[in-house]
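Working notes, structure below.
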Amino acid sequence: MIPRKYRLKSPAAFSATYRVNNLHRKNGIILLAGMKKNKEIPTKVGFVVSKKTHKRAVKRNRLKRLMRESYRLLLKEDRTGNAGEYISLIFLGQSRALENDFKTTKQTIFELLSEL
RNA sequence: UAAAGCAGCCGGAUAAUCGCGCUUUAUAUUAACUAUAGAGUGAGGAAAGUCCGUGCAUUCAAGGACAGUCCGCCGGAGAAACUCCGGACGGCGCAAGCCGGUGGAAAGUGCCACAGAAAUGAAGACUGCCGAUGGAAACUCUGUUUCACAGGCGAUGGUGCAACGGUGAGUUAAGAGCUUCACCGGAGGUAUCGAGAGAUACUUGCCAGGUAAACCCCGGACGAAUGCAAGAUUGACAGGAAGGCUUUAAAGGUGUCCGCCAACUUCCGGCUAAUCGCUAGAGAUUACAAGCAAUUGUAAUACCAGACAGAUGAUUAUCUUAAAACAGAACACGGCUUAUGAGCUGCUUUAUUCU
RNA sequence: GGCGACAUGGCCAAGUGGUAAGGCAGGAGCCUGCAAAGCUCUUAUCCCCCAGUUCGAAUCUGGGUGUCGCAU
């Protein structure tokens, strides 16, 4: 789990990020990036796996945890690419990504961040 | 040994590193927020489905009548329940055992397609059986056949899920539960046993479909509505509609009516943030006692998730044969139902073999 | 998390316990010189699934699955 100050929290922030519509897809995971920042604040991240993706809460939570852990480790290793230039990021999990293990998920997240 | 039945257990553990939620302590900061460090703690047997029942909260009412909803063998347990335990009866199984929404169809109404003479009304139209009497025919002339018909009968009709108890015999002109018989099924009565559901025995020819998971009748239970996104507090922001003089109609609250409450103001609607609600309980564990059991009582012990974009993850090692199945708390609790992995333990039944 | 509704041919759908209407679409035929229109015929043996009640269930009862909605 990542610390609280790096989390995207308010519904308004989520809808603002969706409006920018800066999409990157790979391997069942979609990355949405918000606007570029003009002052020094932490980049906030949200993780979403909708109920339409899978009915069971266990599998949805599993995917969210894997994505979170991947981002946390990349943040710690300082390998997030240009992600620091954006105000907010959202990772959207889709049904294709449900079966992936941790290593695959981490590699996917890394490649997505490199595309920014 | 094999095949079954019942009851119960487990639902990974330990360590290290990197991390997260909550509580709390210390330090920094005037305080709060926040940051750092330490300590404690952190998903299930179904947390699920939301199928029942409660607590809790708000609004209305606290009265009466009607309606409505639910339940339905007996006894017990329980806060209550489409709940549990013990029994009765019925069904299934060789058996251990399992399953059952199991009051009333003779209070009434409805429905019973097609087929069938007829589908509920105790009908006897029809098809039939018998044959007093009268007529006719032929002959072998005590009679036989045939026609009409008063009457007797309810056996015959093969359709249907179902045909007015069933099967066989007797009786008879023909026949029939026909107070004739045998066996069987049901119903009533009496006696005994049982707390009761009911059981057993004797007896009465008493025997007149099914459906109530159709309306209904009987007996019993229930304040209603809305659900923690209930609701309370604090702070900031900010409305909309109707009526207004009289009459009529309509208009607020509870299922309806009466009644009652509210009536110049009433009704509707809030938005945002924070805090509370929020977890010490019809609770958990252990022991003892009562009871066949469900369950109850007493004592001791500890406090054991409480989030709000929503906490349990990642990597490695060891153990176990293997670490897998179903699956994630959101106010709480009692049940039911459904999903599910690898096994283990105990008892019981049946079959076979050996002693 | 809470509350509620629905499921009938390929599509839209009616159906109060007794053979599952109708329209559109599809197929075949008639008509026409050829088409369109019109006419005739045809397509449900699992009425979302599994049990139960009943002689008989799309319909009644219980359980499950899926889809959609409400406060938003």
Side-chain angles (χ1 to χ4, degrees):
Chain A
M1 199 64 198
I2 56 175
R4 179 161 264 168
K5 66 177 178 179
Y6 296 113
R7 295 188 209 165
L8 193 59
K9 298 182 79 168
S10 70
F14 270 85
S15 53
T17 309
Y18 284 126
R19 265 202 304 278
V20 172
N21 205 16
N22 184 359
L23 270 173
H24 300 274
R25 296 167 190 268
K26 187 163 290 252
N27 209 2
I29 296 176
I30 300 179
L31 171 62
L32 292 111
M35 297 166 74
K36 299 218 176 189
K37 46 173 118 164
N38 47 17
K39 57 181 176 181
E40 199 53 37
I41 50 172
T43 302
K44 300 202 172 192
V45 192
F47 300 91
V48 176
V49 181
S50 90
K51 211 167 186 178
K52 284 177 185 168
T53 305
H54 197 272
K55 274 182 68 74
R56 299 299 173 196
V58 169
K59 300 202 172 173
R60 282 186 268 121
N61 284 347
R62 171 83 184 161
L63 180 56
K64 276 163 80 176
R65 283 174 187 146
L66 291 177
M67 291 197 295
R68 267 196 212 117
E69 181 70 10
S70 306
Y71 184 80
R72 185 183 73 82
L73 289 174
L74 291 170
L75 193 68
K76 193 182 168 201
E77 296 163 10
D78 200 15
R79 290 167 62 200
T80 52
N82 298 322
E85 297 177 9
Y86 295 90
I87 296 176
S88 58
L89 301 171
I90 296 177
F91 291 93
L92 258 170
Q94 298 190 308
S95 55
R96 274 174 57 212
L98 284 175
E99 300 302 319
N100 292 350
D101 62 357
F102 176 68
K103 282 179 181 166
T104 314
T105 308
K106 189 177 174 185
Q107 184 62 28
T108 308
I109 298 280
F110 175 69
E111 290 171 10
L112 279 169
L113 288 170
S114 309
E115 287 183 12
L116 280 175

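Everything quoted here is computed from the prediction, not taken from an experiment. Just so we're on the same page: letters track the sequence lines, and every chain starts at 1.
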Checklist entry - To the nearest angstrom, how far is K64(A) atom NZ from A311(B) atom P? => result 6 Å

Item to check | G38(C): pairing nucleotide in any strand, Watson-Crick or G-U under 3.5 angstrom | outcome: C30(C)

Item to check | Touch class at under 4.0 angstrom, heavy-atom based, for L66(A) against every strand present | outcome: sugar-phosphate

Checklist outcome for this item: Under a 3.5 Å limit on both distances, the Watson-Crick or wobble mate of G2(C) is C70(C)

Item to check | Watson-Crick/G-U partner (both atom distances under 3.5 Å) of U321(B) | outcome: none

Next on the checklist: Can you tell me if R62(A) touches the phosphate of G313(B), counting only side-chain N or O atoms and a distance under 4.0 Å to OP1 or OP2?
Outcome noted: no

Item to check | Any N/O donor-acceptor pair, R68(A) side-chain to C20(B) base, under 3.5 Å | outcome: no

Checklist entry - What distance, rounded to whole Å, do you find between the two P atoms, one in A236(B) and one in A282(B)? => result 40 Å

Checklist entry - Taking N and O atoms by type only, does the side chain of R65(A) place a donor or acceptor under 3.5 Å from a partner on the base of G19(B)? => result no

Checklist entry - Using the purine O4'-C1'-N9-C4 or pyrimidine O4'-C1'-N1-C2 torsion, is C304(B) syn (within 90° of 0) or anti? => result syn

Checklist outcome for this item: Assigned chi class of A35(C) under the 90° convention is anti

Checklist entry - Just by modelled atom types, is the K64(A) backbone N or O under 3.5 Å from a matching donor or acceptor in the N61(A) side chain? => result no

